Amino acid sequence: MPTVRTRFAPSPTGYMHIGGMRTALFNWLWARHNGGQFVLRIDDTDRERNVEDALQPILDAFGWLELDWDEGPEVGGEYGPYFQSQRGDLYTEAVNRLLAAGKAYEDFDPPEVVQADRAAAEQEKQPYLNIRRSLELSEAKRDDLKAQGKPYVIRFLVPRDRSVAIDDHVRGRVEWDCGLISDPVIMRGDGSPLYNFATVVDDAQMKISHVIRAEEHLTNTAVQALLFQALGFDLPEFAHIPFVAAPGSKEKLSKREKQIEKYRKSPQFKKLFDLADRVFPLIGEGDSATLNPVMVAYYEKIGFLPQAVFNGLARLGWSYDDKTENMSREFITENFTLDRVVKSSAGLDPDKLLAYQEYWMGDLPLDEKVNGCLPYLTKAGWITDPVTEDTRSFVTRLVTALGERVKLFSDVLSYDEYFVDDEALAFDEKAFEKRIRKPDEASQLLGEYRGRLATVEPFEAAALDADLHAFVEEKDIKIGQIIHALRVAVTGKPAGPGMFDCLALLGRERCIARIDRALAAC
RNA sequence: GCCCCCAUCGUCUAGUGGCCCAGGAUGCAGGAUUCUCAGUCCUGAGACAGGGGUUCAAAUCCCCUUGGGGGUACCA
């Protein structure tokens, strides 16, 4: 088998789409699995869309997931340049070859005419085919029109008397009747190539062995296959993988504003949008309007682990067997094959992604977990930057106490009670009412217990635990009669880590100050 | 309109003619543990779109219907 070479060709749009990332991942995986090369090529032929700096976020996303490329921006390679905007000569040369061979033609019909033809065909319920009026023109006439400055485009002359087929790695044999394919424009009047053409020229010149892309490109493949043949190139292998659909739907996950608004309300996606609106403002990253779950950066910024996203993306449309879910990148790379890619579209499932995240978070060593949480605390301004040794050890203790409650790194931001001043601690109104104000004996018990708290030694979880149990026994009460009130008084919240961890974390002074404050608020 | 693709629990999937009255995961419901929440551990509900064939035997093969999706650009 010749060297496997795959490629991903993003347009510089200013951000990396999660669905595109999944396509890139499959390409990367196939190349790595086979010890081949993965090429990154920038599709910036649509010049109006091309934006400065629009590439960096895409490269960043690759960096975050550690998908390295062997050729492309920043690294070069022997089949460069890797920006289509710089490959004009290659396209011109290819177009000229087609023109000279009579496999392409200059079309002088203006867009309005073509559109009218198309509308007429639809009216008659017939497939649209170009009328090819320009083909009737004599060479002299064409030269004349050009001399007049009449605009024209180059169209590929589709051989209508045959069919084309590909043997797709995931879809099997797919065949098209060329008599139903209209002549595609392959080059604009200004010499800029269209996608279908540029991609063929590039894939051939870059010796891409496997074109792995989303299913939405399947129809394009007919024209591309024809183009490969017309240009005298061998056909690469194709694998049209299912696209990533919006949660709970079969529709392609879209980046369009209108769709985003729809996703925001969808039950499955809502969770992630809400998270963004809660977390991003705290760390100065805007909100869900600037960073949403269609973008890869969202996952990084909200505190996902790259290995979790890697795992989740790999399982979207691909599986190893009937039970393996949690897989490392090494395992996936080792076992990734095209024949295990499914055919039907795969909806992104935020819950499932979260489940992978929980797994991989659980796999993370404590110090790395702390490292992941720290930036959220500094960005929120809850701790000083740079982080002192004391702060770091405090956060380490907190993260330990929090345990599996920290699923995303940004989850630490749900525990502001460990960072606010005692006077600024907000009591959850409902909880305060239910646990402190309403029960008759709560405030009295709290007052008594406060006295013991002042003298317990050492002020550590185990000793505090023993002491409270002794207190409960002396008073002949149930632990529930005091502990809930204590929790609300000290943390302001009805839920959290183990009570004694909370107390130890806060320290004697702060616990007492907070109990006093709660008592005063009764 | 025309062309193409797809069709197993809500979702992601296993299943390549008998191992499947369909397995796993996730989500959901109930229970256990506990000071709460998270977690963990049990338990439960939950799918082969429909109809015809082929075959001793079909979720698996073929056909039709229906449904869903994608493409149809001087976008990528």
Side-chain angles (χ1 to χ4, degrees), chain A residues 9-11 13 20 43-46 48-49 107 110-111 114-115 118-119 121-129 151-155 168 170-171 174-177 180-182 184-190 192 194-196 198-199 214-222 240 242-243 245 247-252 267-268 312 315-326 339-340 342-356 358 362 402-407 411 431 435 465 468 472 478-484 486-488 491 493-500 502:
Chain A
S11 300
T13 50
D43 257 326
D44 54 351
T45 52
D46 185 9
E48 285 176 31
R49 253 209 227 179
D107 184 8
V114 175
Q115 237 166 56
R118 202 183 295 276
E122 184 166 337
Q123 192 80 283
E124 290 167 41
K125 306 192 176 193
Q126 291 297 312
Y128 166 72
L129 281 181
Y152 66 96
V153 294
I154 315 279
R155 282 185 193 275
D168 194 274
V170 352
R171 264 144 240 288
V174 184
E175 197 168 351
W176 295 267
D177 177 355
L180 263 19
I181 301 172
S182 58
V185 173
I186 56 177
M187 192 170 273
R188 299 187 181 90
D190 65 0
S192 60
L194 275 307
Y195 167 78
N196 266 340
T199 209
E215 187 198 344
E216 58 201 280
H217 290 277
L218 187 56
T219 310
N220 286 330
T221 309
H240 286 90
F243 51 73
S249 87
K250 296 283 181 212
E251 283 170 41
K252 195 166 73 165
Q268 301 92 334
R315 280 287 286 101
L316 261 187
W318 176 83
S319 66
Y320 171 67
D321 62 8
D322 61 339
K323 39 180 67 75
T324 313
E325 291 288 343
N326 302 122
D339 62 344
R340 290 203 60 84
V342 300
K343 293 175 174 168
S344 50
S345 62
L348 183 69
D349 184 349
D351 284 325
K352 194 104 197 219
L353 202 51
L354 247 3
Y356 290 118
E358 283 181 47
L402 253 19
E404 314 236 18
R405 273 163 279 244
V406 177
K407 300 186 168 85
D411 286 342
R435 299 302 193 183
D465 192 337
L468 184 71
V472 161
K478 285 196 184 126
I479 198 163
Q481 290 175 265
I482 171 78
I483 206 161
H484 298 298
L486 182 58
R487 175 181 294 283
V488 175
T491 68
K493 295 176 181 170
M499 189 68 260
F500 308 107
C502 296

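Throughout, protein chains are lettered first and strands after them, A, B, ... in sequence-line order, and every chain is numbered starting at 1. Treat the numbers as computed from the prediction; the structure is a model and nothing was measured.
- In this model, the phosphate group of B:U34 is not approached by any side-chain N or O of A:R487 to a distance below 4.0 Å at OP1 or OP2.
- Atom name C1', nucleotides B:U55 and B:G17: the rounded distance is 9 Å, in whole Å.
- Side-chain proximity of A:E215 to B:G23, B:C3, B:C5: nearest is B:C5.
- Ranking B:U26, B:C5, B:C74 by closeness to the A:R171 side chain, first place goes to B:C5.
- Taking the side chain of A:K407 as heavy atoms from C-beta on, and the options B:A14, B:G39, B:G24, the nearest nucleotide is B:G39.
- Checking the phosphate oxygens (OP1, OP2) of B:C35, no side-chain nitrogen or oxygen of A:R435 falls inside 4.0 Å.
- Taking only side-chain nitrogens and oxygens, A:S319 comes nearer than 4.0 Å to OP1 or OP2 of B:A14.
- Using a 4.0 Å heavy-atom cutoff across all strands shown, A:N326 reaches no nucleic acid atom at all.
- With distances taken from any side-chain atom of A:E325 to the nucleotides B:G27, B:A25, B:C74, the minimum falls on B:A25.
- Picking from B:G70, B:A76, B:C5 the nucleotide with the shortest atom distance to the side chain of A:K252 gives B:G70.
- Counting any heavy atom pair closer than 4.0 Å across all strands shown, A:D349 reaches a base atom.
- When heavy atoms are screened at a 4.0 angstrom cut-off, A:V342 is found touching the sugar-phosphate backbone but no base atom.
- Each of A:I479 and A:L402 has a nearest nucleotide on RNA chain B; the 5'-most of these lies closest to A:I479.
- Across all strands shown, B:G27 forms no Watson-Crick or G-U wobble pair with both distances under 3.5 Å.
- B:C9 and B:C48 have their P atoms separated by 7 Å, with the value rounded to a whole Å.
- In this structure, a donor-acceptor pair under 3.5 Å is present between the side chains of A:E325 and A:Y356.
- Contact annotation: side chain of A:K352 to base of B:A25, donor-acceptor pair present below 3.5 Å.
- Only the C1' atoms considered, B:U40 is 11 Å distant from B:U34, to the nearest whole Å.
- Taking the side chain of A:R340 as heavy atoms from C-beta on, and the options B:C12, B:C35, B:A14, the nearest nucleotide is B:A14.
- Across all strands, A:F243 comes closer than 4.0 Å only to sugar-phosphate atoms, never to a base (heavy-atom distances).
- Distance from the side chain of A:E358 is smallest for B:G39 among the nucleotides B:G39, B:U36, B:U26.
- A 4.5 Å side-chain heavy-atom check between A:P151 and A:P110 finds every atom pair outside the cut-off.
- Using the Watson-Crick or G-U wobble rule with both distances under 3.5 Å, B:A38 pairs with nothing in any strand shown.
- A donor-acceptor distance shorter than 3.5 angstrom exists from the side chain of A:R171 to the backbone of A:K343, with no hydrogens or angles considered.
- Using modelled atom types, no side-chain atom of A:R118 and backbone atom of A:Y128 make a donor-acceptor pair closer than 3.5 Å.
- In this model, the phosphate group of B:G69 is not approached by any side-chain N or O of A:K343 to a distance below 4.0 Å at OP1 or OP2.
- Counting only heavy atoms from C-beta on, A:H484 has its side chain closest to B:C35 among B:C35, B:U13, B:G1.
- At a threshold of 4.0 angstrom between heavy atoms, the contacts of A:G312 with the nucleic acid are absent.
- When heavy atoms are screened at a 4.0 angstrom cut-off, A:G347 is found touching the sugar-phosphate backbone but no base atom.
- B:A14 and B:U72 have their C1' atoms separated by 36 Å, with the value rounded to a whole Å.
- Comparing the C1' positions of B:G46 and B:G23 gives a spacing of 14 Å, expressed to the nearest Å.
- Atom C1' of B:C5 sits at a distance of 44 Å from the matching atom of B:C41, rounded to the whole Å.
- Comparing B:C3, B:G69, B:A76 against the side chain of A:W176 picks out B:C3 as the nearest.
- Checked against B:A7, B:G39, B:C4, the side chain of A:V174 finds its nearest nucleotide in B:C4.
- Straight-line distance between the C1' atoms of B:C35 and B:C19: roughly 50 Å, to the nearest whole Å.
- Of all heavy-atom pairs between A:V406 and A:D411, the closest is C-OD2, 3.9 Å.
- Taking a pair to require two hydrogen-bonding distances under 3.5 Å in either a Watson-Crick or a G-U wobble arrangement, B:G18 pairs with B:C56.
- RNA chain B is contacted by both A:V114 and A:V170; A:V170 maps to the nucleotide lying nearer its 5′ end (nearest heavy atom per residue).
- Using a 3.5 Å distance cut-off with no hydrogens or angles, the side chains of A:S192 and A:R188 do pair a donor with an acceptor.
- B:G1 and B:U72 make up a base pair, with Watson-Crick or G-U wobble contacts both under 3.5 Å.
- B:C20 and B:A47 are spaced 13 Å apart, taking the C1' atom of each and rounding to whole Å.
- Tested against A:H240, the residues A:T219, A:N220, A:T221 include a single side-chain hydrogen bond (donor to acceptor under 3.5 Å, both in side chains) partner, A:T221.
- Among the protein residues, A:V153 comes within range of the nucleic acid bases, having at least one heavy atom under 4.0 Å from a base atom.
- Side-chain atoms of A:R340 do not come within 3.5 Å of backbone N or O of A:W318 as any donor-acceptor pair.
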